[in-house]
Amino acid sequence: MHFISLVAVEMPKIKENQAENQKVKKCLEELREAYKQDSKNIVLELQIERLSGLTTEFARALDYSVCQIMKPYDAGTEDPKYLEFDDRTEELEDAYFDGKTDCIRLPNGTILEATSYYFWDKFVISDGKVFQQYAGPLHHMKRTKKAKKMMVLPDYPRTKLFKTFEEYAEERGVPFDEQKERYGYWYNHNGMWDWYSIGGRWADMFLVKDTCTEFSLGERSWCNSEKDFVAPEGYRWVCAARKKDIDWQKMREWEIKKRTEWYERLQRMFADGKPEEQFSGIVDEKGVRYYGEYIYYKGESLESYMERQAMPKEWKYPICIHDIVDRDDWQSKDDIQVGAEQQKSWHTILDEYIDSLSDDTVLVGVDYHI
């Protein structure tokens, strides 16, 4: 799944390197020309996406800083300083020396665990007998000739199924670590992502004036690479900027304006009894549903809609974020206990966090996957 995190970066004032900026832009133009001739070249497409977010010295410095902050949370890292050993030796020993499992004896005498791919994908055990799944024209469970030739061996000792413990561990796919002399895995216990990009699906995170010089447009995702993010006159949408350059009030006003327009469209759809063209929602007697959830209820007021779907009045900063990340910590919305007594809401935590930052802190919207 993809999530959006707010990454706080402390960066000094960046002096633009115009010569380097031009080199990057020229390289980007060449890649785009090459892509016109080979539009199915995924490598070219990825290079263009990547380089598009690195056309200024500020963006390049920001990219490096974000990388340093996100590095400790890389679920796939091989850096030893972030890794811990997950020892599975005792678990495997218990399962092998004392464990029993249901097995199947095939017509040729081979014995397999009932959970083996060969068996469970085609057959099933019921009342101590083997049945073939999805058999015949009706695709139902049936005692076919092949199934009748198989014998169920319930509670079969694993020590008889595998000649050695080492063979069992190998079959389970658990590696032997020479350094630890144990069976297990090295993993990052703080791993939070397996891929990320600045901006990505959330390229329109912050609103800044056209005169702002320190910002990043990040990397556009495939789903919005051609989208034009309309902004109020004199402003542009960016995915990273210094806190002092972000016009929070204008963002709120714009969000309320767009949400009000959407609310009015939903009202019209409900009154008409059918959804608009190109809208894949459903209109019924209760309201308007989208992907199984009601986004508008019959008779719902604008105030109620805004509170439920868009912009609660108590939000100081009009952004929706799943995580807060900086050099010291990774805080997640999932860590908040819903309904706990005297527990702050997630957005209260977010508001207080942004309040605590200096005006020069760079706020970055990072799209990550896990």
Between R236 and D204, does any NZ, NE, NH1 or NH2 come within less than 4.0 Å of an OD or OE carboxylate oxygen? no

Return the minimal non-hydrogen interatomic distance between R242 and P12, and the atom names on each side. NH2-O, 2.8 Å

State whether the side chain of Q133 and the backbone N or O of W120 hold a donor-acceptor pair below 3.5 Å, judged by distance alone. yes

Atom pair CZ/CZ of F3 and R201 - distance to nearest 0.5 Å: 12.0 Å

Partner of M205 under side chain to side chain contact (heavy atoms under 4.5 Å, CB included), chosen from V238, I321, V366, D367: I321

Taking atom NZ of K257 as the centre, does the number of heavy atoms from other residues, nucleotides or ligands within less than 6.0 Å exceed 12? yes

In Å, rounded to the nearest 0.5 Å, how long is the span from NZ of K333 to NE2 of H322? 6.5 Å

Of all residues at least two apart in sequence or in a different chain, which pass the side-chain hydrogen bond (donor to acceptor under 3.5 Å, both in side chains) check with S345? T348

Heavy-atom check, side chain of T101 versus side chain of D155, under 4.5 Å: no

Please identify each residue that fulfils side-chain hydrogen bond (donor to acceptor under 3.5 Å, both in side chains) with W195, with sequence neighbours left out. none

Partners of E113 by salt bridge (charged side-chain N to carboxylate O under 4.0 Å, His left out), sequence neighbours excluded? R158, R172

State plainly whether the residues E45 and K40 are in salt-bridge range, i.e. N to O under 4.0 Å. no

Walk me through it: do S197 and E219 pass the test side chain to side chain donor-acceptor pair (under 3.5 Å)? CA-CA 6 Å; S197 70; E219 298 178 45; 5.0 Å; no

Would you indicate whether the side-chain heavy atoms of E214 and K13 approach each other to under 4.5 Å? yes

Mind checking side-chain hydrogen bond (donor to acceptor under 3.5 Å, both in side chains) for E167 and listing every partner two or more places apart, or none if nothing turns up? none

Is it the case that over 12 heavy atoms from other parts of the model lie below 6.0 angstrom from the NZ atom of K100? no

Mind listing the closest non-hydrogen atom pair of W346 and Q331 along with its distance? CH2-O, 3.7 Å

Given S358 and D360, is the side chain to side chain donor-acceptor pair (under 3.5 Å) satisfied, shown in steps? CA-CA 5 Å; S358 75; D360 285 324; 5.4 Å; no

Quick check: is Y294 connected to F270 through a chain of hydrophobic side chains (ILVMFWY, heavy atoms under 4.5 Å apart)? no

Please tell me if the side chains of F215 and D245 come closer than 4.5 Å, counting only heavy atoms from C-beta onward. no

Kindly give the heavy-atom pair with the smallest separation between W193 and M70, and that separation in Å. NE1-O, 3.0 Å

Taking CD in E166 as the centre, count heavy atoms belonging to other residues, nucleotides or ligands within less than 6.0 Å. Is the count above 12? yes

Side-chain donor/acceptor of H347 to backbone N/O of Y317, under 3.5 Å: yes

Are side-chain heavy atoms of K142 and F131 found at a separation under 4.5 Å? no

Looking only at non-hydrogen atoms, find the nearest pair between K274 and V283 and report the distance. C-CG2, 3.7 Å

Shortest non-hydrogen contact from Y263 to S301? OH-C, 3.4 Å

For atom CG of D127, decide whether the heavy atoms of other residues, nucleotides or ligands shown that lie under 6.0 angstrom number more than 12. no

So, do E57 and E16 sit near enough that their side-chain heavy atoms are less than 4.5 Å apart? yes

Test log, rule side chain to side chain donor-acceptor pair (under 3.5 Å), inputs T77 and D79: CA-CA 6 Å; T77 184; D79 191 329; 5.2 Å; no

Salt bridge or not between D86 and R88? Use side-chain N to carboxylate O under 4.0 Å. yes

Relative to each other, are the rings of F165 and Y183 parallel, tilted or perpendicular (30° and 60° limits)? perpendicular

Can you tell me if NZ on K209 sees more than 12 non-hydrogen neighbours from other groups inside 6.0 Å? no

Drop me the distance from R60's CZ to Y64's OH, to the nearest 0.5 angstrom. 15.0 Å

Distance col, row L92:CG vs E170:CD, nearest 0.5 angstrom, shows 12.5 Å

For atom CD of E303, is the number of surrounding heavy atoms from other residues, nucleotides or ligands below 6.0 Å larger than 12? no

Working to the nearest 0.5 Å, report the span between CG of L54 and CD of E20. 10.5 Å

Is there a path of hydrophobic side-chain contacts, each under 4.5 Å between heavy atoms, that joins L28 and L62? no

Going hydrophobic residue to hydrophobic residue with side-chain gaps under 4.5 angstrom, can you get from M151 over to L112? no

Regarding E276 and R265, does a basic nitrogen lie under 4.0 Å from an acidic carboxylate oxygen? yes

Is E33 paired with K36 through a side-chain N to carboxylate O contact shorter than 4.0 Å? yes

Is it possible for you to say whether V7 and I14 belong to one hydrophobic cluster, with membership spreading through side-chain heavy-atom contacts below 4.5 Å? yes

Within the structure provided, determine whether W262 and Y296 are in side-chain contact (heavy-atom separation under 4.5 Å). no

Taking the side chain from K180 and the backbone from F85, do they hold a donor-acceptor pair closer than 3.5 Å? no

Give a yes or no on this: more than 12 heavy atoms of other residues, nucleotides or ligands lie within 6.0 Å of atom CD of Q68. yes

Any donor-acceptor pair under 3.5 Å from Y96 side chain to F162 backbone: yes

Among Y82, Y368, W330, Y196, which residue meets the ring-ring contact (aromatic ring centres under 6.0 Å, His included) test with Y73? W330

Results of side-chain hydrogen bond (donor to acceptor under 3.5 Å, both in side chains) for E10 - residues two or more places apart only: T361

Would you call L207 and W248 a side-chain contact if the rule is heavy atoms closer than 4.5 Å? no

Short N-O contact, R308 and E300, less than 4.0 angstrom: yes

Pairs in or reaching into residues 318-332: which pass salt bridge (charged side-chain N to carboxylate O under 4.0 Å, His left out), with residues at least two apart or in two chains? none

Heavy-atom closest pair (S216 atom, G53 atom, distance to 0.1 Å) is OG-O, 4.1 Å

So for atom CD, which belongs to E261, do other residues, nucleotides or ligands contribute more than 12 heavy atoms lying within a distance under 6.0 Å? yes

Can you tell me how far OG of S280 sits from CZ of R289, rounded to the nearest 0.5 angstrom? 12.0 Å

Shared hydrophobic cluster, M11 / I69 (ILVMFWY, side-chain heavy atoms < 4.5 Å): yes

Keeping D284 on the side-chain end and G287 on the backbone end, is there a donor-acceptor pair under 3.5 Å? yes

Could you check if a side-chain atom of T260 sits within less than 4.5 angstrom of a side-chain atom of Y305, using non-hydrogen atoms only? no

Decide yes or no on side chain to side chain donor-acceptor pair (under 3.5 Å) for W186 and D177, but give the supporting numbers first. CA-CA 9 Å; W186 289 95; D177 187 78; 2.9 Å; yes

